[in-house]
Peer 1: 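I have a structure here, written as structure tokens, and I will follow up with some questions on it.
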Number of protein chains: 2
Amino acid sequence: MKKPATIRDVAREAGVSVAVVSRVLNEGTGPVAPDTRAKVVEVIERLAYHPRAAARELQQRTRSTIGLLLADLANPFFARLADRVVWEARARGVHVVLLTTQEDQHLEAESIDTLIERSVASVIATPAGDNLEKWKRLTDLGVNVVFVDREIDELEGIDVVTIRNDASAETAANHLIGLGHTRIGFISGPATTSTGRDRVAGFRRAMEAAGLAVDDELIHHIPFRGDAGGDAIGVLLSEPQPPSAIIVGNTAQVRSALRRIKQSEIRVPEDLSLVVFDDNPWTELVSPPLTVIRQPIDMLAVHSVELAVGRAKGLLPEQRRRVEVDAEFVRRSSSAAAAQRTPTP
Amino acid sequence: MKKPATIRDVAREAGVSVAVVSRVLNEGTGPVAPDTRAKVVEVIERLAYHPRAAARELQQRTRSTIGLLLADLANPFFARLADRVVWEARARGVHVVLLTTQEDQHLEAESIDTLIERSVASVIATPAGDNLEKWKRLTDLGVNVVFVDREIDELEGIDVVTIRNDASAETAANHLIGLGHTRIGFISGPATTSTGRDRVAGFRRAMEAAGLAVDDELIHHIPFRGDAGGDAIGVLLSEPQPPSAIIVGNTAQVRSALRRIKQSEIRVPEDLSLVVFDDNPWTELVSPPLTVIRQPIDMLAVHSVELAVGRAKGLLPEQRRRVEVDAEFVRRSSSAAAAQRTPTP
DNA sequence: GGCATCAGTGGTAACGGTTACACTTTTGTA
DNA sequence: TACAAAAGTGTAACCGTTACCACTGATGCC
């Protein structure tokens, strides 16, 4: 456990000054004679010298790291997003500090503080609650913030990357309407999140455009964590006039919703058509394979990293960006024509 | 975008020296009069002062951060592991830098360099290839390394946390043997990984103990990434004497294996019994619900963080630890008694 | 009353890099 | 040949924090 070599050790060993070593380290910051460079490189190699990130960050007041603040890694949607973000970031020579909020406002606030202390150049986040001042403080400090998947309307100066939530929900609804369904249930995320609201808005728009009434009883806003999906299904199915189709617009609740349906007598799609928001590989493995709105996670990752890194390097125009990507509608077997059944007495 | 306040700003504003502010910041490093403390705290609050992590790290030669080096976040097993690790780490006031290797040796080597530069106190990792000297260099530098899920035998001075892979495979095999299966296929991870080898070893042991021949043709070592699971299934099923049961001991390949089976005419469990290594929530949602070896991810996370943080604080005895946790066998409907069918002509 | 102890505070040298600037030496050009 | 420009190198200040040490009074104890 010998203490690691410093830049001065290298300089002494190579018979040059620290400035020269530093210039070798940071290509392009000044001229170095080829011979000298070779010599220095050799010594660096021999001493297994690694410049310490902390010292570098202290001097330059920013660092080549982006913070990734996600709601919940146990949710495959976020897990895959994280995977892609880490990947894309690395392709650009940038590292990622990962923090999770577990959808908790306090943890989110704490995490933002951490990111401030870490003086990251940019932050990619899925905001959970409102923590308005915290986010504002972060941006005031010059940290570039990119919201992905969700957003907070009240905040300015923040880039946003999302899927077209309203349009996606509209597509899903139109699909079911086209199949003859008139009573359609919708399970969404919390009304405090933009995704939770936007999807419902798109759903409403489709229904209204088709001249169908929207029964508020059939719209459920439930949290992303926990197992509220099953309960929501239970409530919907025990309505006096239960829906003949349900859209689960809350990615995290698909599993628990599905489990509840399996436990019941309800057959899919004969008794109930189902469309879910998800990008899980297993949606095609269950019976019947699910009709899904597939979120283009890769695109979300690419764009958010692009923005985060671009801003950090000052390559982008001042004007904040809003990137919306289309989700893909994948029809499988969980949605079918509405039964022509006579109304139950 | 005003530049953030420093400890000197706080000191000046509060009318004290920087030493006092530092002592307020780091409880227990020296006496501070109650009045003075209150005053300083007030100023810190007012200036929204956050000590810069970089400066702190430079001074103390370590930091309160652990590196988490995982193979593949898109794999739900690792994703959940990451989630738990981040969670457990935070509970101990420690942050996590996440890196992924995508099962690639070169990326792993790069990542280890990064961790050195970042001067993390500890690293929790799922080693991919051998990168022996890299790992050695890391430990030589005094970084505490904890391998989780997998291990590298040749390396000393590294803590290990795994499930009892051999025993789990043995359990799975015994379950199938007990159901009357005699030709059992096994799909494992790469032979270069300890999990890949250990599971096969346990399988062999069970077979031999039951006096059953182990046909090497029925044992497949395949990578964790990609879709080799489907191909392996294909090969197994087109054997002259196909197995009546298959254990998929490669978590990452369960999905692709399952998809292949769905595409075929084979019925589960009538024609083929299936036991898979996995801890995915969806294994109970497919038809039939899968018999699984459930890996106790929480335990893996708790123990590895415990070790990583404990070592960093010097709380643990020098002696390296090896923690093995039991996996849980969960019987569902994908495994059934072997058919008493007459051999096909 | 003298002296050791200690709470409370301030000054300042590290920590390990980067970088502005000064200083040689080489090269290019009139 | 002379002189300007450019290439190559070294010195030292700085980034923001902690830790060590020195200093001042107040308190305790014989």
Peer 1: Quick check: on DNA chain D, is the nucleotide nearest A/S17 upstream (toward 5') of the one nearest A/R8, or the reverse? Name the residue that is more 5'.
Peer 2: A/S17
Peer 1: Check this for me: does any side-chain nitrogen of one of A/K134 and A/E110 sit under 4.0 Å from a carboxylate oxygen of the other?
Peer 2: no
Peer 1: Please figure out whether B/P31 or B/L58 has its closest DNA chain C nucleotide nearer the 5' end.
Peer 2: B/P31
Peer 1: Out of the candidates B/R311, B/R322, B/R321, only one should pair with B/D159 under the salt bridge (Lys or Arg N to Asp or Glu O under 4.0 Å) rule; please name it.
Peer 2: B/R311
Peer 1: Heavy atoms under 4.0 Å, any strand shown: does B/V16 hit a base, just sugar-phosphate, or nothing?
Peer 2: sugar-phosphate
Peer 1: Reading DNA chain C from 5' to 3', where do the contacts with chain A start and stop? Cut-off is 4.0 Å to heavy atoms.
Peer 2: C/dG16 to C/dT19
Peer 1: Does atom CD of B/E156 have more than 12 heavy-atom neighbours, drawn from other residues, nucleotides or ligands, at distances under 6.0 Å?
Peer 2: no
Peer 1: Would B/E117 and A/R56 pass as an ion pair if we require N to O under 4.0 Å?
Peer 2: no
Peer 1: Decide if atom CD of A/E318 counts as having more than 12 heavy atoms of other residues, nucleotides or ligands within a radius under 6.0 Å.
Peer 2: no
Peer 1: When you measure from every atom of DNA chain D, which of residues 37-54 of chain B have a heavy atom less than 4.0 Å away?
Peer 2: B/Y49, B/H50, B/P51, B/R52
Peer 1: Got more than 12 heavy atoms from elsewhere within 6.0 Å of CD, A/E133?
Peer 2: no
Peer 1: Could you check whether A/A33 gets within reach of a base, just the sugar-phosphate, or nothing at all, counting any heavy atom under 4.0 Å?
Peer 2: sugar-phosphate
Peer 1: Just so I know, are the side chains of B/F224 and B/T193 near enough to count as touching, which here means a heavy-atom distance under 4.5 Å?
Peer 2: yes
Peer 1: Taking 4.0 angstrom as the limit, do B/R92 and B/E306 come out as a salt bridge?
Peer 2: yes
Peer 1: I need the A/D83 CG to A/I297 CD1 distance, nearest 0.5 Å.
Peer 2: 9.5 Å
Peer 1: Using a 4.0 Å heavy-atom cut-off across all strands, classify A/S22 as base, sugar-phosphate, or nothing.
Peer 2: base
Peer 1: What are the 5'-most and 3'-most nucleotides of DNA chain D lying under 4.0 Å from any heavy atom of chain B?
Peer 2: D/dG16 to D/dA19
Peer 1: Should B/L98 and B/L73 count as side-chain neighbours, where that means a heavy-atom distance under 4.5 Å?
Peer 2: yes
Peer 1: For a quick check of understanding: with a heavy-atom distance under 4.0 Å over all strands, which category does A/V32 fall into, base, sugar-phosphate or nothing?
Peer 2: sugar-phosphate
Peer 1: Can you check whether A/E88 reaches A/S304 side chain to side chain, under 4.5 Å on heavy atoms?
Peer 2: no
